[in-house]
S.K.: 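My questions all concern the structure below.
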Amino acid sequence: MTDPVSQIREALLAAAAALRGSGPDEAGAAGHAVVAPNLERPKRAGQGDYATNAAMLLAPKLGKPPREIAELLGAELARVLGETLVSYEIAGPGFLNLTLSDEWHKDAIRYVLDSGEQFASGGAEHPERINLEFVSANPTGPTVVANGRAAAYGDALAKILIHHGHSVSREYYFNDAGSQIDRLGESVIARARGQEVPEGGYQGDYIVDLANEIPGAGDSNAQASVIAAQAITILLQQVRATLERYRVFYDTFFSERTLHQGSPSALDRAIESVRAGGHVYEHDGATWLRTTTFGDDKDRVLLRSDGAPTYFLADLAYMADKQARGFERQLLPVGADHHGYVARLKAAFQALGNDPELLEPVIMQLVHLVEGGERAKMSKRRGEFVTLDELLDEIGVDATRYFMLQSSHDRTLDINLEVARKQSNENPVYYVQYAHARIASMLKRLGPERVAEAVASAADWSSPADALHPSERELVKKLASLPVEIAEAAERRAPHRMTSYALELAQEFTAFYRDCKVVGAEPESVESWRIAVCVATQQTLALVLELLGVSAPDSM
RNA sequence: GCCCUCGUAGCUCAGCUGGAUAGAGCAACGGACUUCUAAUCCGUAGGUCGCAGGUUCGAGUCCUGCCGGGGGCGCCA
């Protein structure tokens, strides 16, 4: 079953192909590039339902003026589409504006309703097994607001990719080995003894809580590594609880320490793998990976001169492990403060013998909290931060998730705490939810029997004499565009597009609500049609909100 | 210093990989509630898309150079 917009697109491609077949092919065999014309909503009213730039793209290939080609293309398209195409006009430099029939709009609603929860799903041309690792903050303190952005991004992206047809596993990698962990243990021990934390240790109040919580932390024979392990267990549980409250659920929590265990360990095997590729050498007593072969600034140490593995080696082994578990693609949202790391990661991935395209680090810009016009600093070690839990207490899960996903991940995000606290209604999420609740209220008033009957009576919707209202046509086209929007959001790793879509859909619905009476509309066939439009809209709003991890309430 | 990244309305941000007269929300101002939910709607105002060049039929979008914000440049994690 092809969605309504794709139907038009395919007709357009067919018409373009017919034109190419009849015209002189200037491009010749070598330049036989596929023309990929746009099919988009015109920005201004009165320019039809869809517009295409196909004629302008074909012009250089066919050696004729764009407007002349547009005329030919329009005629061909009219032949292909039949009654679906009511009219076309040539505009501007060679745009072709298309006006579609009411019947096409009704078919679109039927399609949406028939698709149900599967609407706009499965569009991926090449479904992949994807490992999506996100947040992966070290459990050396509470989850902070910046983690909340990564969590919202990763989770929404996972949902969108899955809806698009991919198989996605959400993964959280945590470091429970290495010197930072030792410092955590030392900090807890110091607090348990009523002392100041050592230089470079962790100073937050939560360290004191841990000191009280872990029995024997203040004993004279307490070992940093043992205490740290207990602290990490507790902290990881807290991280998990916060993220679950935030509606983020992982498939796997991956412990770095497991990479160090066994003989040979995963680290040993990783080194052997890149050594076999000829990318390893010894220098100054250390073991290096020649990452410069793959575009890195300088080579990187795998084993320090004292024999201790670097964090980088663990990452190398981790990438290999993901691969061994059968993931074709690794998606890796990382904070901007780690972006200096991506060149060596990609290099390491290649050193393992892989196509670098299959490792996708996504650089996320940071989140800043603004209070009193000043940016609040967030550092775990200094104990200055606002936790995600605190933010959730202030403005709630729905508003927080929506806010985090509103802006593109490659832009820094400022959260104004005064606004977040006092005027949470400013968040557009309520507008979207309100549209959903409003529909729920209307449908409730109508009763489930009437609604079911209206949806089932698709053949009788409206009557030929009743031209659809412009607001109805706009709303239907917004609904019909979801498959394209999902594809864009998935392929560009851009969940924030779905927040834009949600807002636009809610706006189109509200305009429809303003202009078109639903309950009690006459004749009954019109009421039925509009009920069906409402059901399709509600279903789609719920679907999009679900992808964003935001609730869709029936009343507000 | 070198590298990465961002710069669009007063504020927060979209802008569908080059298309028509750059759009929303909030804030501001003026209106609308015996109504299918006013957490709403209608209207007004608000822009040199950081600056300057370049590429072409056409640039917020691509290229170069500046300016400004953020980040990164350890045998740290």
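Below, read A as the first sequence line, B as the second, and so on, with proteins coming before strands; counting in each chain starts at 1. From a predicted model like this one, the values you see are computed outputs, not experimental measurements.
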S.K.: To the nearest angstrom, how far is A:H283 atom NE2 from B:rG74 atom P?
M.R.: 15 Å
S.K.: Among B:rA24, B:rC73, B:rC75, find the nucleotide with the atom closest to the side chain of A:K298.
M.R.: B:rC73
S.K.: Can a donor-acceptor pair be found between the side chains of A:T287 and A:E282 at a distance below 3.5 Å?
M.R.: yes
S.K.: Please report, to 0.1 Å, the donor-acceptor pairs under 3.5 Å made by any side chain of residues 507-525 of chain A, with sequence neighbours excluded.
M.R.:
from: A:T510; atom 1: OG1; to: A:Y431; atom 2: OH; distance (Å): 3.4
from: A:T510; atom 1: OG1; to: A:A506; atom 2: O; distance (Å): 2.8
from: A:D515; atom 1: OD2; to: A:S471; atom 2: OG; distance (Å): 2.4

S.K.: Quote, to the nearest angstrom, the P distance that separates B:rG10 from B:rG47.
M.R.: 6 Å
S.K.: Between P on B:rC75 and OH on A:Y281, what's the gap in Å once rounded to a whole number?
M.R.: 11 Å
S.K.: State whether a side-chain donor-acceptor pair under 3.5 Å links A:S255 with A:D176.
M.R.: yes
S.K.: Less than 3.5 Å apart, any donor N or O on the side chain of A:E71 or A:Y88 sitting next to an acceptor on the other?
M.R.: yes
S.K.: Which nucleotide in the list B:rA39, B:rC75, B:rC36 gets nearest to the side chain of A:Y434?
M.R.: B:rA39
S.K.: For A:R514, answer base if it contacts any base atom (sugar-phosphate contacts may also be present), sugar-phosphate if it contacts only those atoms, and nothing otherwise; contact means non-hydrogen atoms under 4.0 Å.
M.R.: sugar-phosphate
S.K.: Rounded to the nearest 0.5 Å, what separates atom CD in A:E488 from atom NE2 in A:H164?
M.R.: 9.5 Å
S.K.: When the C1' atoms of B:rC41 and B:rA52 are compared, how many Å lie between them, rounded to an integer?
M.R.: 45 Å
S.K.: Without decimals, in angstroms, what is the distance between A:D299 CG and B:rC73 C1'?
M.R.: 16 Å
S.K.: Counting the atoms with a prime plus P, OP1 and OP2 as sugar-phosphate, which does A:D284 contact under 4.0 Å by heavy atoms, base, sugar-phosphate, or nothing?
M.R.: base
S.K.: On RNA chain B, compare the nucleotides closest to A:G178 and A:S555; which residue's is nearer the 5' end?
M.R.: A:S555
S.K.: Please determine whether a side-chain nitrogen or oxygen atom of A:Y513 lies at a distance below 4.0 Å from atom OP1 or OP2 of B:rA38.
M.R.: yes
S.K.: Within the structure shown, what part of the strands sits under 4.0 Å from A:A437 by heavy-atom distance: base, sugar-phosphate, or nothing?
M.R.: base
S.K.: Just checking, any donor-acceptor pair under 3.5 angstrom between side chains of A:R450 and A:S528?
M.R.: yes
S.K.: Here's a test of your reading of the structure: between A:Q507 and A:V518, which maps to the more 5' nucleotide of RNA chain B?
M.R.: A:Q507
S.K.: Could you tell me how far B:rG50 sits from B:rC13 if I compare only their P atoms? Round to whole Å.
M.R.: 15 Å
S.K.: Can you tell me if A:N138 and A:T140 form a side-chain donor-acceptor pair at under 3.5 Å?
M.R.: no
S.K.: Give RNA chain B the dot-bracket treatment, 5' to 3': Watson-Crick (N1-N3 with N6-O4 or O6-N4) or G-U (N1-O2, O6-N3) under 3.5 Å, [ ] crossing, | other strand.
M.R.: (((((((..((((.....[...)))).(((((.......))))).....(((((..]....))))))))))))....
S.K.: Calculate the interatomic distance between A:E508 atom CD and B:rG25 atom P; express it in whole Å.
M.R.: 12 Å
S.K.: So, OP1 or OP2 of B:rU37: does either fall under 4.0 Å of a side-chain N or O from A:Y431?
M.R.: no
S.K.: Counting primed atoms plus P, OP1 and OP2 as sugar-phosphate and everything else as base, spell out the protein contacts along nucleotides 15-23 of chain B at 4.0 Å heavy-atom distance: B, S or - for each nucleotide, 5' to 3'.
M.R.: SS--BBB--
S.K.: I'd like to compare against my own output: the B/S/- annotation of nucleotides 6-12 of chain B with a strict under-4.0 Å heavy-atom distance to protein.
M.R.: SSB----
S.K.: Report the distance from atom CZ of A:R67 to atom C1' of B:rG58, rounded to the nearest whole Å.
M.R.: 15 Å
S.K.: Suppose we screen for side chain to side chain donor-acceptor pair (under 3.5 Å). Which residues come up paired with A:R438, at least two apart in sequence or across chains?
M.R.: none
S.K.: Report which part of the nucleic acid A:T510 touches: base, sugar-phosphate, or nothing (heavy-atom distance under 4.0 Å, all strands).
M.R.: sugar-phosphate
S.K.: Can a donor-acceptor pair be found between the side chains of A:T99 and A:D49 at a distance below 3.5 Å?
M.R.: no
S.K.: Going by side chain to side chain donor-acceptor pair (under 3.5 Å), name the residues that satisfy it together with A:S6, two or more places apart in sequence or in a different chain.
M.R.: A:D3
S.K.: Tell me, please, whether A:Y202 has A:R183 positioned over its six-membered ring: NZ or CZ under 6.0 Å from the ring centre and within 45 degrees of its axis?
M.R.: no
S.K.: For the residue pair A:Y173 and A:Y311, categorise the inter-ring angle as parallel (less than 30°), tilted (30 to 60°) or perpendicular (more than 60°).
M.R.: perpendicular
S.K.: Can you name the nearest heavy-atom pair linking A:P93 to A:M56, along with the distance?
M.R.: CG-SD, 3.8 Å
S.K.: Taking N and O atoms by type only, does the side chain of A:S305 place a donor or acceptor under 3.5 Å from a partner on the base of B:rC75?
M.R.: yes
S.K.: Nearest to the side chain of A:Y430, which nucleotide is it out of B:rG70, B:rA39, B:rG25?
M.R.: B:rA39
S.K.: Closest to the A:D337 side chain: B:rG72, B:rA39, B:rC75?
M.R.: B:rG72
S.K.: Out of B:rC36, B:rG70, B:rU40, which nucleotide sits closest to the side chain of A:H339?
M.R.: B:rG70
